[in-house]
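Presented below is the structure to which this report refers.
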There are 2 protein chains.
Amino acid sequence: MKIGELAKQSGLTAHTLRFYEKQGLISPSTRSQSNYRLYSQQDLSTAKFIKRSRTMGFSLEEVEVFLSIRADKPAHICADAKDIAQQKIIDVQQKIEELQQVLVALHKLSDACCGGGESAEFCSIIDALDDSENTVTSNTTNIQEGVV
Amino acid sequence: MKIGELAKQSGLTAHTLRFYEKQGLISPSTRSQSNYRLYSQQDLSTAKFIKRSRTMGFSLEEVEVFLSIRADKPAHICADAKDIAQQKIIDVQQKIEELQQVLVALHKLSDACCGGGESAEFCSIIDALDDSENTVTSNTTNIQEGVV
DNA sequence: TTAGACCTTAGAGTATAGTCTAAGGTCAAG
DNA sequence: CTTGACCTTAGACTATACTCTAAGGTCTAA
Ligand SMILES: [Zn+2]
Ligand SMILES: [Zn+2]
Ligand SMILES: [Zn+2]
Ligand SMILES: [Zn+2]
């Protein structure tokens with residue numbers, strides 16, 4: 001099949017497939033007389049493999065390793081694959097924790113602000129982002145704000 | 001104070017401060033005879049404001065809006081600031097949910113693999129990333145894998 | 001006076017993963 | 001035999017936020 005067909009069947013775009021080829025992830029089995037890329041069913045399954053891996057959060061570099069394991073399984077061991085997955089789990093967990101901390105901070109920031117149409121003269125958001133000297137941790141200066 | 005001092009006191013680098021200046025976020029109050037940037041205490045508090053905003057997860061574009069509110073509070077209303085914070089909360093929550101889904105999928109992927117030194121011939125990670133036709137959702141083909 | 005720390009600028013490079021364009025070649029159908 | 005869909009390439013552009021370099025000027029203290 002030509003690249004457009006592979007794109008349709010894999011859910012990637014032709015552009016992306018050519019880009020992946022440049023990155024060494026997937027190449028057409030053959031070329032037509034007119035130099036069109038021709039892909040096999042094998043190639044389709046590789047394209048889907050890449051897509052699925054990306055969806056799981058793996059980087060192209062990590063996908064490359066998976067592909068090399070997949071290309072020659074007897075030459076690799078389970079640890080090769082699992083190490084990558086485990087590291088990714090750690091990365092994602094850490095990212096989630098970071099975001100959760102950001103979220104808590106954002107809530108603290110946002111909840112104190114009335115969000116109304118009044119002047120931002122005493123807006124607790126702007127105040128809180130300003131020098132912590134003046135940052136209200138719970139409630140003093142900014143009682144003007146609140147649920148008003 | 002010169003840029004190096006501001007860098008030290010704000011926790012940003014001189015490079016970053018110049019970059020922020022190019023982006024229109026912060027400019028030195030004056031220049032010395034030798035054209036050195038000279039910053040005031042006001043500038044320091046602005047630099048810290050930016051740093052704090054970035055730490056809260058706001059983009060430079062969003063920080064720019066906060067700065068304009070901060071620069072002329074009476075001209076703005078609380079909603080201006082709160083809208084940004086609320087939207088950021090939504091974005092972060094969505095990102096967290098996405099990552100949690102990825103995490104669940106990663107665990108499913110990783111847990112089924114022994115991670116040992118044996119050949120990857122039947123590695124459930126590689127198998128699962130391959131055609132879903134062969135993807136084991138819970139347990140059949142891949143009993144070879146496991147906690148072995 | 002000279003070494004070393006600090007400053008200046010424009011502009012290039014880094015990271016990730018695409019996304020798109022220009023200019024042209026190929027192919028099947030009408 | 002032409003239209004339109006599809007293909008080719010190299011290379012530029014997008015987004016975000018820095019990060020660094022080169023080549024040079026300034027300042028301070030020994
Ligand atoms: Zn308010
Ligand atoms: Zn407010
Ligand atoms: Zn195993
Ligand atoms: Zn395995």
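B:K82 and A:D111 are not joined by a salt bridge, as no carboxylate oxygen comes within less than 4.0 angstrom of a charged side-chain nitrogen. The pair B:D127-A:K73 meets the salt-bridge criterion, since a charged nitrogen lies less than 4.0 angstrom from a carboxylate oxygen.
Of the listed nucleotides (C:dA17, C:dT8, D:dA17), C:dT8 has the atom at the smallest distance from the side chain of B:R31. Residue B:T16 has its side chain nearest to D:dC18 when only D:dG11, D:dC18, C:dT8 are considered. Which of D:dT21, C:dT9, D:dC27 sits closest to the side chain of B:Y36 comes down to D:dC27. Side-chain proximity of B:R18 to C:dT9, C:dG18, D:dA17: nearest is C:dT9. With C:dC20, D:dC18, D:dT9 as the choices, the nucleotide that has an atom nearest any side-chain atom of A:H15 turns out to be C:dC20. Here the nucleotide nearest the side chain of B:S59, chosen from C:dT9, C:dG18, D:dA17, is D:dA17.
A close approach under 4.0 Å does occur between a side-chain nitrogen or oxygen of A:R37 and OP1 or OP2 of D:dT9. Residue B:R54 places at least one side-chain N or O under 4.0 Å from the OP1 or OP2 atom of D:dA17.
Of all the residues in residues 2-14 of chain B, B:K2, B:I3, B:G4 reach under 4.0 Å from DNA chain C with at least one non-hydrogen atom.
Each of B:S34 and A:S34 was assigned the nucleotide of DNA chain C with the nearest heavy atom; the assignment lying further toward the 5' end belongs to B:S34.
Between B:Q93 and the choices A:L99, A:L106, A:L103, the side-chain contact (heavy atoms from CB on, under 4.5 Å) rule is met once, by A:L103.
Residues A:L67 and A:E64 form no side-chain contact, since every pair of their non-hydrogen atoms from C-beta on lies 4.5 Å or further apart.
For CD of B:E61, the number of neighbouring non-hydrogen atoms (other residues, nucleotides, ligands) closer than 6.0 Å is 12 at most.
Looking at B:S27 and B:E21, their side chains never bring a donor and an acceptor atom within 3.5 Å of each other.
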